[in-house]
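Everything below concerns the one structure shown next.
Because the structure is predicted, anything quoted here is derived from the model rather than measured.
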Number of protein chains: 2
Amino acid sequence: MARRTKAEAEQTREQILDAAEAVFLDRGVARASLAEIAQAAGVTRGAVYWHFRNKADVFDAMYCRVHLPMEDLFNQVLALEDGAAVDALRDYCVQSLLSLARNPRRQRVYSILFHRCEFIDELRDSNERLIAIQHRGLASMEALFRRERALGTLPNVCPRLAAVTIHTAMLGLYFDYLREPTAYDLENQAAPLVDLIFRCVS
Amino acid sequence: MARRTKAEAEQTREQILDAAEAVFLDRGVARASLAEIAQAAGVTRGAVYWHFRNKADVFDAMYCRVHLPMEDLFNQVLALEDGAAVDALRDYCVQSLLSLARNPRRQRVYSILFHRCEFIDELRDSNERLIAIQHRGLASMEALFRRERALGTLPNVCPRLAAVTIHTAMLGLYFDYLREPTAYDLENQAAPLVDLIFRCVS
DNA sequence: GTTGACAACCATACGCGAATGTATGTAACT
DNA sequence: AGTTACATACATTCGCGTATGGTTGTCAAC
């Protein structure tokens with residue numbers, strides 16, 4: 001094969017990541033081979049090894065493509081200082097679920113994260129980064145609830161427990177929805193579900 | 001090796017399952033080889049292939065060893081007809097978390113289920129059985145909430161949504177705890193956490 | 001209560017495919 | 001001209017399933 005232009009090379013890189021999403025989802029990360037991914041992308045393993053060091057590197061790139069934007073948004077919400085922070089957090093949760101229902105790529109990637117990969121050996125680093133992110137999120141949420149409680153707008157619920165509850169409830173929703181998306185009508189139930197969850201902390 | 005007595009054979013079977021728990025947890029189900037499991041159990045692959053058909057069969061046996069008793073208990077709770085069913089359900093949730101914190105075997109196996117296996121190909125059947133169990137559990141919980149609401153002891157919350165919320169909240173707690181057990185003091189926090197969760201439906 | 005004989009229980013050996021990483025080739029972009 | 005962006009070829013390793021071998025419980029039969 002001849003050499004491609006820089007833009008074309010970037011395009012094949014994206015093709016490989018697209019193919020990785022499909023193959024990981026279908027076969028699981030561990031059982032997926034780079035040959036399958038390459039074939040699904042219409043290239044050979046040579047191309048994959050040119051753009052990525054190995055399978056873990058492909059996985060990380062695929063993950064960053066969808067998670068980094070979401071993380072930014074989350075940090076943005078938590079930085080809110082005014083008294084409407086809880087409402088903003090609730091809105092963020094609803095929007096997060098709606099975007100999950102509407103964005104097929106997010107759906108695929110998070111489905112892989114929750115149900116199609118084993119976070120060990122080569123993916124151990126990715127997992128620890130994920131856990132670190134969630135720790136920061138939890139701490140921020142705890143601080144948020146603490147501030148709100150000081151303002152007297154919330155009942156006397158332990159901020160730490162409240163943050164853990166919201167966090168795990170959303171995790172469980174993601175987990176269960178992605179296991180069987182057809183069992184949910186997330187488009188219509190996202191808001192009621194989040195409202196119900198927030199009833200226990202407000 | 002010579003032939004063992006029937007009791008000794010059953011013991012090596014248990015040894016293999018014990019070893020499978022450790023190896024699956026350490027290496028993930030997909031990357032774990034039957035040779036590793038055999039070595040950890042102090043036998044050879046011949047013994048493994050005598051007691052089990054393949055890796056999926058080992059996985060199923062390991063899973064049934066801890067899940068079947070728990071499932072029985074759950075069905076028992078849901079069969080309660082009197083007005084204290086919600087309290088019984090809440091108690092069951094607390095006890096479920098406490099037993100998770102105290103029983104190392106349950107901890108290992110559920111950790112494998114949530115974080116160390118990809119439910120595809122050979123494990124697809126196991127997964128569908130799991131989903132079917134959860135469906136029945138959800139339906140029973142929904143019926144429970146419907147009955148309780150009819151008695152007027154609960155606020156006007158959609159029974160389906162209530163059941164889904166409790167279910168996913170517990171799923172999320174399992175998921176997050178098993179990812180990092182040291183981050184929780186489940187022994188002391190199980191009851192407060194479950195109480196907080198149930199605040200949104202009662 | 002012996003005694004064969006069969007089968008249970010497990011170890012060892014073999015063949016096979018599949019996946020990985022690297023090394024090398026090659027044509028075109030810059 | 002030199003490097004980029006791949007394709008192709010090669011060597012190696014690993015794990016699976018099965019086939020085979022060997023020892024000893026187990027139990028019917030006498």
Any side-chain N or O of [X] below 4.0 angstrom from OP1/OP2 of [N]?
| X | N | result |
| --- | --- | --- |
| A:His51 | D:dA5 | no |
| B:Ser33 | D:dC14 | no |
| B:Thr12 | C:dC10 | yes |
| B:Tyr49 | D:dT18 | no |

Given [options], identify the nucleotide with an atom nearest to the side chain of [X].
| X | options | result |
| --- | --- | --- |
| A:Thr44 | D:dT8, D:dA5, C:dA11 | D:dT8 |
| B:Leu34 | D:dA9, D:dT26, D:dC16 | D:dC16 |
| B:Asn54 | D:dG17, C:dA11, D:dC16 | D:dG17 |

Provide, to the nearest angstrom, the distance between the [atom1] atom belonging to [X] and the [atom2] atom belonging to [N].
| X | N | atom1 | atom2 | answer |
| --- | --- | --- | --- | --- |
| B:Arg31 | D:dT13 | CZ | P | 17 Å |
| A:Arg4 | D:dT4 | CZ | C1' | 12 Å |
| B:Phe59 | D:dC16 | CZ | P | 15 Å |
| B:Arg13 | C:dC10 | CZ | C1' | 16 Å |
| A:Asp121 | C:dT20 | CG | P | 14 Å |
| B:Glu36 | D:dC14 | CD | C1' | 11 Å |
| B:Glu122 | D:dC16 | CD | C1' | 11 Å |
| B:Glu10 | D:dG25 | CD | P | 18 Å |

Checklist entry - Closer to the 5' end of DNA chain D via nearest nucleotide, is it B:Ala30 or A:Trp50? => result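 Here A:Trp50 is the residue nearer the 5' end.
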Checklist entry - So, are B:Asp26 and B:Arg116 salt-bridged, with charged N and O less than 4.0 Å apart? => result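 Between B:Arg116 and B:Asp26 there is no salt bridge, as every charged N stays at least 4.0 Å from the carboxylate O atoms.
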Item to check | Presence of salt bridge, A:Arg146 and A:Glu142, under 4.0 angstrom | outcome: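 Salt bridge flag = yes for A:Arg146 with A:Glu142.
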Next on the checklist: Does A:Arg45 contact C:dG21 through a side-chain donor or acceptor facing the base, at a distance under 3.5 Å?
Outcome noted: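 Answer yes: a donor N or O sits under 3.5 Å from an acceptor.
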Item to check | Option passing side chain to side chain contact (heavy atoms under 4.5 Å, CB included) with B:Met62 (candidates B:Leu113, B:Ile16, B:Ile112) | outcome: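 For B:Met62, the side chain to side chain contact (heavy atoms under 4.5 Å, CB included) check succeeds only for B:Ile112.
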Next on the checklist: Working to the nearest 0.5 angstrom, can you tell me the gap between B:Thr165 OG1 and B:Met170 CE?
Outcome noted: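 Going from the OG1 atom of B:Thr165 to the CE atom of B:Met170 covers 13.5 Å.
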Next on the checklist: Nearest 0.5 angstrom please: A:Leu34 CG to A:Gln39 CD, how far?
Outcome noted: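 A:Leu34 CG to A:Gln39 CD: 13.0 Å, rounded to 0.5 Å.
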Next on the checklist: Under 4.0 Å, counting only non-hydrogen atoms across every strand here, what does A:Thr5 touch: a base, just sugar-phosphate, or nothing?
Outcome noted: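 Sugar-phosphate only.
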